[in-house]
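The structure appears below as structure tokens.
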Amino acid sequence: MRKLSAVKGMNDIFPPESAQWEWFEQHVRDVMGQYAYGAIRTPIVEHTQLFVKGTGETTDIVEKEMYSFEDRLNGEHLTLRPENTPGVVRAAIEHNLTYDGGKRLYYIGPMFRHERPQRGRYRQFYQVGAEALGFAGAEVDAELIVLASQLLERIGLPGVRVELNSLGLPAERQQHRVALIRHFEQHADLLDADAQRRLHSNPLRILDTKNPAMQEMVAQAPQLLGFLGEQSLKHFETVQALLSACGVPWSINPRAVRGLDYYSHTVFEFVTDELGAQGTLCGGGRYDGLFEVLGGKPTPAVGWGLGIERVLELLRVRGLAAAAPVPDAYAVIPDAELLPVAFQTVLALRRAGVRVQMHAGTQAGAGSMKSQFKRADSSGARYALVFGQQEVQQGTVIIKSLRDGAGAQELRSLTGVADWAATLQSPT
Ligand code: ATP
Ligand code: MG
């Protein structure tokens, strides 16, 4: 059979790089715990209708990016999730998760979008997401933004710019929409094909255009902020004040929009200039109308999604990628007969929390002492545990330093190796 490769735009992640992923995900779990967000795991495959309704028919995702297929066995229309908010909301409705008040949830997992692969943009990519369901107050919008900000700060990326906007309430947006369409119609000669198509389906999205020829006209378009009523302004100001109180650097970007009717009030993005066109690390907002769109009771909600590849790429660009973990010790076993004793001893060490890499190949006679020590060195371990024939007979093992003071060695009794474990200081 011809050699197969991974599907275009879908990546294998393996050591040592996978260590970065686990390191980052551990920080995510820790921070989520600090904010009392609990993990939710929803299926990767959902009914296509969930995204058509929940992500929105007029979005790029639904129009051209979904991996959709028909189940061969029963003809169901299914889709690999392009994002997880609709799945979380579906689960919340299905299991009545907000019956006794709000629920704070988070997830980590793969998403799928058929886009043109490039740096920071893949067809299978990973998101961390946080969703607060059943809370109407602006303080929860702020909590979520502070959470994302603290997560980035914790991993060594403090001060990533937050761009904020408010979409107000549906009635306010409706008035703005009328004014917006009027503005675009007055400049119909400048609209590109995409914009013409969106003029009546989703004019807000025209504000999002990257077409240089339309920039000036778009910049002069009426701003949604000018249409907000007192209640919406108050909501927005509360978010701003809480972010300022926490020292989160924010600015208003009137063009940050999510052109769907179920959004309201706050929308935000964490943006960096260091990743070219893929500079948005995290995007989110309040989606008070989504529960109803998906057949649930009216339930206010707010959330964000953050791209893990982009965060790890930013760490790399800034030279902050953490060193991959190495074992504490490498077990050198010159003779297969000594394997049972070596296994027992290494097990005792591992039980005591020591990370031990065992030489493999002793049984097959594939490891001269010299080659075993070479492997011990390249493993990065600080110590070699040498199970010499003579020493083992005397009930001992040699512990040889491979790094600081290389060559120094001591004898430890086989039954007392756990004592040695206690003297080991983990370098992390
Ligand atoms: P973009 O404008 O970059 O396409 P988006 O608005 O489609 O982003 P969201 O749906 O808000 O993105 O997803 C949240 C985050 O997920 C993004 O800010 C980004 O970090 C990440 N992301 C989105 N699409 C991809 C992708 N194809 N590959 C890698 N990361 C992605
Ligand atoms: Mg996109």
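When a ligand or atom number is given, it counts from 1 through the structure's own listing order. Nothing fancy with the numbering, it's 1 onward along the sequence.
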For atom 17 (C) of ligand 1, closest protein heavy-atom neighbour: T280 O, 3.9 Å

Of the listed options Q118, R116, Q278, R310, closest to atom 8 (O) of ligand 1 (non-hydrogen atoms): R310

Residue portion contacting ligand 1 (non-hydrogen atoms closer than 4.0 Å) for L281: backbone

Ligand 1 N/O within reach of I61 N/O, cut-off under 3.5 Å: no

Structural part of R113 in contact with ligand 1, heavy atom criterion under 4.0 angstrom: side chain

Residues K374 and D377 bridged, charged N to O under 4.0 Å: no

Parallel, tilted or perpendicular, as decided by the 30° and 60° cut-offs, for the rings of Y37 and Y35: perpendicular

Identity and distance of the protein heavy atom lying nearest atom 4 (O) of ligand 1: R121 NH1, 2.8 Å

Nearest protein heavy atom with distance in Å, relative to atom 21 (C) of ligand 1: G307 CA, 3.6 Å

Exercise: do T55 and E83 side chains pair donor with acceptor under 3.5 Å: yes

Check: W21 ring centre within less than 6.0 Å of Y126 ring centre: yes

D30 bridged to R154 by N-O distance under 4.0 Å: yes

NZ/NE/NH1/NH2 to OD/OE distance under 4.0 Å, E313 and R316: yes

Nearest non-hydrogen protein atom, atom 28 (N) of ligand 1: Y122 N, 3.0 Å

Interfacing atoms of ligand 1 (cut-off 4.0 Å, heavy-atom, G305): 14 (C), 15 (C)

Pair D194 + K64, salt bridge at N-O below 4.0 Å: no

Within 6.0 Å of CD in E230, more than 12 heavy atoms from elsewhere: no

Which segment of Q127 sits under 4.0 Å of ligand 1 when only heavy atoms are counted: side chain

Taking atom 6 (O) of ligand 1 as the reference point, the nearest protein heavy atom with its distance: R258 NH2, 4.4 Å

Closest approach of any protein heavy atom to atom 27 (N) of ligand 1, naming residue and atom: E115 OE2, 2.6 Å

Protein contact to atom 26 (C) of ligand 1 [nearest heavy atom, distance to 0.1 Å]: F125 CD2, 3.4 Å

Whether H235 and H265 hold their rings parallel, tilted or perpendicular, with breakpoints at 30° and 60°: parallel

